Structure formats: C-alpha cells, structure tokens
Amino acid sequence: MTSTNFTGFLLAVVSSAFIGSSFIIKKKGLQLASADGPRASVGGYGYLLQPLWWVGMITMIVGEIANFVAYIYAPAVLVTPLGALSIIVSAVLAHFLLKEKLQKMDVLGCLLCIVGSTVVVLHAPDEKSLTSVQEIWELATQPAFLSYTASAIAVTLFLVLYCAPRYGQTNIFVYIGICSIIGSLTVMSVKAIGIAIKLTIEGSNQAFYFQTWIFVMVLLTCVMVQLNYLNMALDNFNTAVVSPIYYALFTAFTILASAIMFKDYSGQSISSIVSELCGLITILSGTTILHSTKEPDSPILTDLYTPLSPKVSWYIQGNGEPWKQKEEDASSPPFNLITVVRQDHFK
C-alpha cells in the first residue's frame with residue numbers, strides 16, 4: 001500500500017466512526033421530534049428544532065469531511081467499501097442507545113465486514129495522478145459516464161415521482177435507492193472538488209475553471225437530495241436495517257460510477273481484481289447477515305377509519321363476529337363499531 005492510499009485508509013476509518021455514530025444520534029433526534037409534531041416521513045420538519053438532531057448532523061458533517069479528504073488521497077474503490085465500519089458502529093450503538101437488539105449473527109456480520117474491508121484495502125488500486133480539473137471534466141464528459149449519469153437521473157426521477165408517494169413508507173428500497181444512486185454522483189463530484197482543492201493548495205489555482213463550480217453545484221444538489229431521503233428512511237425503518245442496505249447499494253453504485261469515470265481497474269492484475277471483488281462480496285455478506293436479523297419499524301397508520309386502496313379494514317361487531325368493509329362498500333356497518341383489529345395489504 002502506498003503512503004497516499006494509507007492516508008486515505010486512516011481518514012476513511014475515522015469517517016466511518018463519526019458517520020456510524022451520527023445515524024444513531026439523528027435517529028434519536030427524529031424520535032424526540034416526532035413526539036411533538038409530524039414525522040419527517042410525512043413532510044414534517046420539526047426535527048430542525050431538535051438540538052440532538054443537529055448534534056447528529058454535525059457529527060455526520062465531521063465524518064463526511066474526513067471522507068471527503070480520504071477521496072483526495074485514495075481511489076473510490078478503496079474508500080467507499082470501508083464505509084462498512086460505520087455499519088458496525090451504528091449496529092453497536094443502536095443496541096445500547098436505541099434498545100435495538102444486537103444478536104449473535106450480528107457479531108458474525110460485523111466480523112465479515114472487517115475481514116472483507118481488510119482484503120479490499122490490501123488489493124486496492126493506487127490513486128491516479130491528475131494535474132487539473134479539466135482532466136477530470138474530460139473523464140466526466142466521456143460517453144460512457146454521460147450514459148451512466150443520464151440513467152441515474154432517470155431512475156431517481158421515477159423513484160421520487162412515482163414510487164416514493166406510493167411505496168416509500170412500506171418499501172425500504174425506495175428511499176435508500178434514491179440516496180444510493182444520487183450518492184454515486186455525489187462521490188464523483190467530491191473526488192473532483194477534492195482534487196481541485198489539493199491542486200490549488202499546491203499552487204495551481206483551479207477556481208478559475210468553470211468546471212470546478214459545476215462540480216460544486218452538482219455536489220450541493222446531490223447532498224440535499226441525499227439528506228432529505230435519508231431522513232425519511234431513518235424515520236420509517238429500523239436503523240440497523242437502513243445502515244447495511246444503504247451501504248450495500250451506495251457502495252455498488254459508487255464503485256460502478258468510479259470504474260466508468262476514473263477507470264480504476266485499468267492496469268490491475270486479474271488476481272488483484274478478483275481478490276478485491278471477493279473482499280467486497282464478503283462485506284456485502286456481512287451486511288446481509290446484519291439485515292436478516294433485524295425487523296423494520298412498523299409504519300404508522302395515520303387514518304384508522306377510512307380504508308385506503310388497496311387496503312381492507314377489519315372491524316369487530318358487537319357479538320364478536322368480524323365484519324369486513326371493502327373499498328367499494330361505502331355503506332355503514334349494520335352494527336356498532338367496537339375497535340379496529342388490523343389492516344392488511346393484499347394484491
């Protein structure tokens with residue numbers, strides 16, 4: 001491992017510790033805010049007045065800054081998989097602070113993440129030397145990466161406009177999918193801006209190039225989208241479920257984007273590539289185990305009387321016999337309503 005890669009490795013580890021902690025702190029802040037007003041998942045912004053949420057936000061910013069600097073010194077295929085360490089931090093803290101169960105299989109998942117991360121670090125490609133932001137712009141405007149960007153934007157719009165209003169609160173992959181896809185573009189922008197800052201510090205001012213400011217605008221836009229939908233995901237689902245799924249999807253899309261834009265695997269031996277992929281699969285296996293042992297939080301029902309398509313409402317009549325009202329039956333039940341037993345989805 002080169003000295004620059006090692007520096008990037010250390011920064012990535014520090015970043016993971018802070019980011020993993022921020023998940024738990026922000027979750028706690030969201031819980032406190034939801035007790036006094038609408039949840040973030042239904043458009044509430046009360047968490048902005050919650051000090052604990054801001055503590056979590058600051059913790060995440062510190063972690064992201066460390067992550068930002070890590071991308072300057074090491075390739076994305078090294079820095080991004082090390083995010084698995086944040087999952088370990090998040091799962092352990094969730095057990096103690098949020099009372100979310102940490103089972104024996106979770107420990108196995110954490111160990112797999114550590115082993116996989118070690119393999120990835122040992123076989124990661126070296127960082128390529130770039131001398132100006134214009135070189136990065138040429139990489140970003142090559143046909144292959146432009147096709148990836150267009151596809152990412154199209155899928156994100158579909159998830160935001162069609163899937164999120166219908167399935168966002170019941171399907172964890174909607175909100176996290178948006179965060180992960182946009183996150184891959186965020187990382188590419190971070191990489192470009194980081195290199196521009198590094199070159200500027202070394203004496204070659206990159207602020208005069210318009211490409212630098214385009215990368216800045218893309219970064220700010222992507223970060224705002226990520227934060228919004230990450231808040232929604234955390235507010236609806238168990239933290240120990242959100243973290244590994246977000247990591248797995250985010251890592252996959254980021255490595256794909258980086259491989260297309262920066263050609264990270266160009267010049268590497270087949271054995272190194274295979275070893276790194278095995279390490280990545282090991283990490284993903286660990287996150288899968290962590291996911292499989294957790295149950296998502298139950299979505300909150302905002303209306304217990306009116307059945308919303310495609311739901312069926314079950315009620316208990318006075319003599320204890322069930323009465324079922326389908327959505328097309330607008331008439332009142334011929335008996336006294338006692339209580340709501342459940343609401344189930346059906347196809």
Side-chain angles (χ1 to χ4, degrees), residues 1-15 61-83 120-153 182-223 226 250-270 272-273 276 280:
M1 179 186 294
T2 63
S3 59
T4 55
N5 272 18
F6 183 70
T7 301
F9 162 73
L10 291 180
L11 288 168
V13 171
V14 172
S15 170
I61 290 173
V62 172
E64 292 295 350
I65 291 174
N67 200 45
F68 178 89
V69 180
Y71 280 111
I72 298 176
Y73 292 96
V77 295
L78 168 61
V79 176
T80 304
L82 290 177
V120 168
V121 168
L122 293 176
H123 296 89
D126 294 333
E127 174 71 350
K128 292 181 173 62
S129 178
L130 297 170
T131 58
S132 73
V133 74
Q134 290 176 312
E135 288 187 33
I136 306 174
W137 180 258
E138 290 178 1
L139 295 174
T141 54
Q142 59 184 318
F145 189 73
L146 287 177
S147 298
Y148 173 83
T149 303
S151 300
I153 293 174
I182 293 298
S184 67
L185 300 179
T186 301
V187 170
M188 298 305 102
S189 300
V190 164
K191 184 78 174 175
I193 296 169
I195 293 174
I197 293 174
K198 179 183 177 183
L199 292 173
T200 300
I201 293 175
E202 292 174 349
S204 178
N205 195 338
Q206 303 296 304
F208 296 111
Y209 298 109
F210 75 91
Q211 292 94 334
T212 300
W213 300 106
I214 292 179
F215 284 125
V216 170
M217 288 188 290
V218 171
L219 173 62
L220 293 176
T221 302
C222 291
V223 166
Q226 278 185 269
F250 175 73
T251 299
F253 283 114
T254 298
I255 289 179
L256 176 61
S258 183
I260 294 173
M261 180 172 172
F262 292 101
K263 299 179 175 63
D264 292 318
Y265 294 105
S266 177
Q268 271 201 300
S269 65
I270 297 297
S272 294
I273 296 175
E276 188 169 356
L280 180 59

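Remember, it's a predicted structure, so these values are computed and weren't measured experimentally.
Heavy atoms only, all atoms of each residue included: C222 and T186 are closest at CB-OG1, 2.9 Å. Nearest heavy-atom pair across A152 and L185 is CB-CD1, 4.3 Å. Of all heavy-atom pairs between Y148 and S184, the closest is OH-OG, 2.7 Å. Across all their heavy atoms, L199 and L130 have their closest contact at CD2-O, 3.7 Å. In plain terms, the two heavy atoms of N5 and A124 that are nearest each other are ND2-O, 4.2 Å. Scanning both residues, G8 and A70, for their nearest heavy atoms gives O-CB, 3.5 Å.
Considering only residues two or more places apart in sequence or on other chains, S258 meets the side-chain hydrogen bond (donor to acceptor under 3.5 Å, both in side chains) condition with D264. T254 is linked by a side-chain hydrogen bond (donor to acceptor under 3.5 Å, both in side chains) to nothing, counting only residues two or more places apart in sequence or in another chain. Residues passing the side-chain hydrogen bond (donor to acceptor under 3.5 Å, both in side chains) test with S132, sequence neighbours excluded: none. Every residue meeting the side-chain hydrogen bond (donor to acceptor under 3.5 Å, both in side chains) condition with Q142, not counting sequence neighbours, appears here in chain and number order: K263.
Between the CZ atom in F262 and the CG atom in L139 there is a gap of 6.5 Å [rounded to 0.5 Å]. Rounding to the nearest 0.5 angstrom, the gap separating the CD1 atom in I260 from the CG atom in L146 is 11.0 Å. Interatomic distance, F6 CZ to L11 CG, rounded to the nearest 0.5 Å: 10.5 Å. To the nearest 0.5 Å, atom CD of residue E138 and atom CZ of residue F145 are 14.5 Å apart. Taken to the nearest 0.5 Å, the OG atom of S189 stands 5.5 Å off from the CG atom of L219. If you take CZ on F253 and CD1 on I182, they are separated by 10.5 Å, rounding to the nearest 0.5 Å.
Residues E64 and V223 form no side-chain contact, since every pair of their non-hydrogen atoms from C-beta on lies 4.5 Å or further apart. Under the 4.5 Å side-chain criterion, counting only non-hydrogen atoms from C-beta, F215 is not in contact with V190. With a 4.5 Å cut-off on side-chain heavy atoms, Y71 and I195 do not count as touching. In this structure, the side chains of I193 and T212 stay at 4.5 Å or more apart for every pair of heavy atoms.
The closest side-chain donor-acceptor pair between E202 and S204, if any, does not fall under 3.5 angstrom. No side-chain donor from either of E276 and S272 sits under 3.5 Å from a side-chain acceptor of the other.
The environment of OH in Y73 is sparse: at most 12 heavy-atom neighbours from other residues, nucleotides or ligands sit within 6.0 Å.
At least one donor-acceptor pair under 3.5 Å links the side chain of Q206 to the backbone N or O of V133. Although no hydrogens or angles enter the test, the distance criterion places no donor-acceptor pair under 3.5 Å between the side chain of N67 and the main chain of T80.
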side-chain contact (heavy atoms from CB on, under 4.5 Å) evaluation trace for V218 with M188: CA-CA 10 Å; V218 171; M188 298 305 102; over 6 Å; no

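Counting only residues at least two apart or in different chains, salt bridge (charged side-chain N to carboxylate O under 4.0 Å, His left out) contacts with residues 192-201 are absent. Judged as a salt bridge (charged side-chain N to carboxylate O under 4.0 Å, His left out), the pairs with a partner in residues 186-197 (not counting sequence neighbours) are, in order, E127-K191.
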